[in-house]
Student: 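I have a structure here, written as structure tokens, and I will follow up with some questions on it.
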Number of protein chains: 2
Amino acid sequence: MAETPVGFSRSTEDYLKTIYGLESSGGPALTSAIAEVLEVAPPSVSGMIKRLSESGLVEHAPYRGVQLTNAGRRAALRVVRRHRILETYLTSKLGYDWDSVHEEAERLEHAASDDLIERMAMALGNPQYDPHGAPIPTKDGEIEEPETIALVDVAVGEIAELRMVGDRDPDVLRYLGALGLKPGVLFEVVGRQPFRGPITIRVIRSTKKDTDQVIGNELAQLLHCLVTEEEVG
Amino acid sequence: MAETPVGFSRSTEDYLKTIYGLESSGGPALTSAIAEVLEVAPPSVSGMIKRLSESGLVEHAPYRGVQLTNAGRRAALRVVRRHRILETYLTSKLGYDWDSVHEEAERLEHAASDDLIERMAMALGNPQYDPHGAPIPTKDGEIEEPETIALVDVAVGEIAELRMVGDRDPDVLRYLGALGLKPGVLFEVVGRQPFRGPITIRVIRSTKKDTDQVIGNELAQLLHCLVTEEEVG
DNA sequence: GAACGGATTTAGGCTGGCCTAAATTCTAAT
DNA sequence: ATTAGAATTTAGGCCAGCCTAAATCCGTTC
Ligand SMILES: [Mn+2]
Ligand SMILES: [Mn+2]
Ligand SMILES: [Mn+2]
Ligand SMILES: [Mn+2]
């Protein structure tokens, strides 16, 4: 049988990926933040941090978080590439909905060989973005830094393109899907209620062209957009 | 993150699959046989057997081996189905050679959900055999018992069809592939040397039609054939 | 029926990865 | 400067799965 593992352990890979995600939203990754994402107790994180830093994958400043080393970042990006290629493949080739691929990819990312991932990427024509609009790192660890802002920060009157949404919550994704709000949709922000109220957008390019959508503040924080022009106003 | 496992642990599933395989070549599965297949030490097998029988997956007669319970057999067949569907999918849809799919499937079989497996099966048109000719169990655990015999046991003058070859050894598979010896090939046994000597076959239907192949005794034990007719002689 | 050899199990130990409870450290407010 | 509260780490424990060394059992042979 001889089940040769394909990289680090499932657990190690998920820690590295999580730390990468937290770092890319600025600053070092804190123990409690890692614990929350991975749904484990903080002391479990402290323990893993010790092992990771002994393996040279992170640097640990006690009481102030961890940072990936180059080796750690490389390993993390390999997992991210696997995850995103898998999500794209499952969606494009096996009819998965965009709200159900994440869970499957979360497991397969630790079992699929590089060879399999590259075959899938090839079969897909080397896609640059996953079904949620997230950039796919290249084989040698290059990743596009998206210059998007949250819908909540787009001013009224501006025209923007929806570029990326978080892939974690299937319910959110199903809801957005029903509204036709997927990456690529172009819209104008036509209204915003005060006191963190909802935002109204008018869809310009999409399957649901020319409809207005009212989007709650919390949801609007999850929609990452690229502002393309400013309306004359 | 919340990596929900899809079945039993990787280790448990490989034990169940191994026990299933040993049982189907007759009698109870012995500790040492399991240890050899899984490449672990015998005491590790004793330990796992204890856990498996506490979980009701096997019955253990101390010093004389284990047998799968119904629950154990069901679980084993689910893993076998996953494995064989995966091998078929990788071969048919992603251009894998038949000698490299086994290792990949050995890992993916523990990470792929039932949903994914059924989608792959669907995309393949619900195949009945994997690339090595092994029967694929149905979703509800039915499996065809192949009535094949080893080439080594086919008499000179008989016509037989190659039906199934072991999937474990990539080198053997590469060699057979180069000879054009894949499931479906029809041939006549035209000679056999004494003292466990090689067997000569004449290929009747295949890409390498009308060639003679000399096959060593050991290899001939791995080729499972269906005798179709007897030559007039 | 005793003894030998091989198979198996038991005993004891290790690592990874998780947990809770307790101790420590850092920060920020007084 | 103290100190309360939150975050973090340390201490100590548990389970799955592996290992080696030692004990035990079983079938066979004498
Ligand atoms: Mn995802
Ligand atoms: Mn994962
Ligand atoms: Mn196989
Ligand atoms: Mn396996």
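Both backbone and side-chain heavy atoms feed into the values below; hydrogens, waters and symmetry mates do not.
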Student: In whole angstroms, how far is the P atom of C:dG17 from the NE2 atom of A:His110?
Tutor: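 Checked: the NE2 to P distance equals 12 Å.
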Student: Would you check if the side chain of B:Arg82 reaches a backbone N or O of B:Ala112 as a donor-acceptor pair within less than 3.5 Å?
Tutor: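 Side chain of B:Arg82 to backbone of B:Ala112, a donor-acceptor pair under 3.5 Å: yes, one is there.
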Student: Using whole Å, report how far CG of B:Leu38 lies from P of D:dG17.
Tutor: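 In whole Å, D:dG17 P and B:Leu38 CG are 12 Å from each other.
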Student: From the set C:dC19, C:dC18, D:dC18, return the single nucleotide nearest to any side-chain atom of A:Ser11.
Tutor: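 For A:Ser11, the side-chain atoms sit closest to C:dC18.
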Student: Are A:Glu13 and A:Arg78 ion-paired here, with the side-chain N under 4.0 Å from a carboxylate O?
Tutor: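 Judged by the 4.0 Å cut-off on N to carboxylate O distance, A:Glu13 and A:Arg78 do not form a salt bridge.
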Student: Measure from CG on B:Leu16 to C1' on D:dG17 and round the result to the nearest Å.
Tutor: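 Taking CG of B:Leu16 and C1' of D:dG17, I get 15 Å after rounding.
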Student: Rounded to the Å, how far apart are A:Glu39 CD and C:dG17 P?
Tutor: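 To the nearest whole Å, that distance equals 18 Å.
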Student: Can you tell me how far P of D:dA7 sits from CD1 of A:Ile34, to the nearest Å?
Tutor: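 To the nearest whole Å, that distance equals 15 Å.
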Student: Find the distance A:Met48:CE to C:dG16:P and express it as a whole number of Å.
Tutor: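 So the CE-P distance, A:Met48 to C:dG16, works out to 9 Å.
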Student: Looking at D:dC18, I'd like to know if its phosphate oxygens (OP1 or OP2) sit under 4.0 Å from a side-chain N or O belonging to B:Tyr15.
Tutor: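 Yes.
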Student: From CD of A:Glu54 over to P of D:dT9, roughly how many Å is that when rounded to an integer?
Tutor: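 From A:Glu54 CD to D:dT9 P: 14 Å.
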Student: Under the criterion ring-ring contact (aromatic ring centres under 6.0 Å, His included), I'd like the reasoning laid out for A:His83 against A:His102: C-alpha separation, chi angles, the key distance, then a yes or no.
Tutor: CA-CA 8 Å; A:His83 183 100; A:His102 178 76; 4.8 Å; yes
Student: Between C:dC18, C:dT20, D:dA16, which nucleotide has the shortest distance from any of its atoms to the side chain of A:Ala41?
Tutor: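 That would be C:dT20.
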Student: Would you say a side-chain N or O of A:Ser44 is under 4.0 Å from OP1 or OP2 of C:dC19?
Tutor: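 True: A:Ser44 side-chain N/O within range (under 4.0 Å) of C:dC19 OP1/OP2.
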Student: Answer yes or no for A:Arg73 and A:Tyr20: cation-pi contact, defined as NZ/CZ to six-membered ring centre under 6.0 Å and angle to ring axis within 45°.
Tutor: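 Ring-cation test returns no.
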Student: Scan nucleotides 2-15 of chain C nucleotide by nucleotide, 5' to 3', and note B when protein non-hydrogen atoms come under 4.0 Å of the base, S if they reach only the sugar-phosphate, - if neither.
Tutor: ------SBB-----
Student: Looking at C:dC18, D:dG17, D:dC19, which one has an atom nearest to any side-chain atom of B:Val40?
Tutor: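 Of C:dC18, D:dG17, D:dC19, D:dC19 is nearest to the side chain of B:Val40.
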Student: Treating A:Asp130 as the side-chain partner and A:His132 as the backbone partner, does any N or O pair qualify as donor plus acceptor under 3.5 Å?
Tutor: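 Yes, A:Asp130 side chain to A:His132 backbone: donor-acceptor pair under 3.5 Å.
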Student: Check A:Arg81 with A:Glu109, please: is the shortest side-chain N to carboxylate O separation under 4.0 Å?
Tutor: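 No salt bridge links A:Glu109 with A:Arg81.
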Student: Are OP1 or OP2 of C:dC18 and a side-chain N or O of A:Arg51 less than 4.0 angstrom apart?
Tutor: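 Indeed not, no polar side-chain atom of A:Arg51 lies that close.
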Student: Counting only heavy atoms not in B:Glu36, do more than 12 sit closer than 6.0 Å to its CD atom?
Tutor: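 Counting neighbours around CD of B:Glu36, 12 or fewer heavy atoms of other residues, nucleotides or ligands fall under 6.0 Å, so no.
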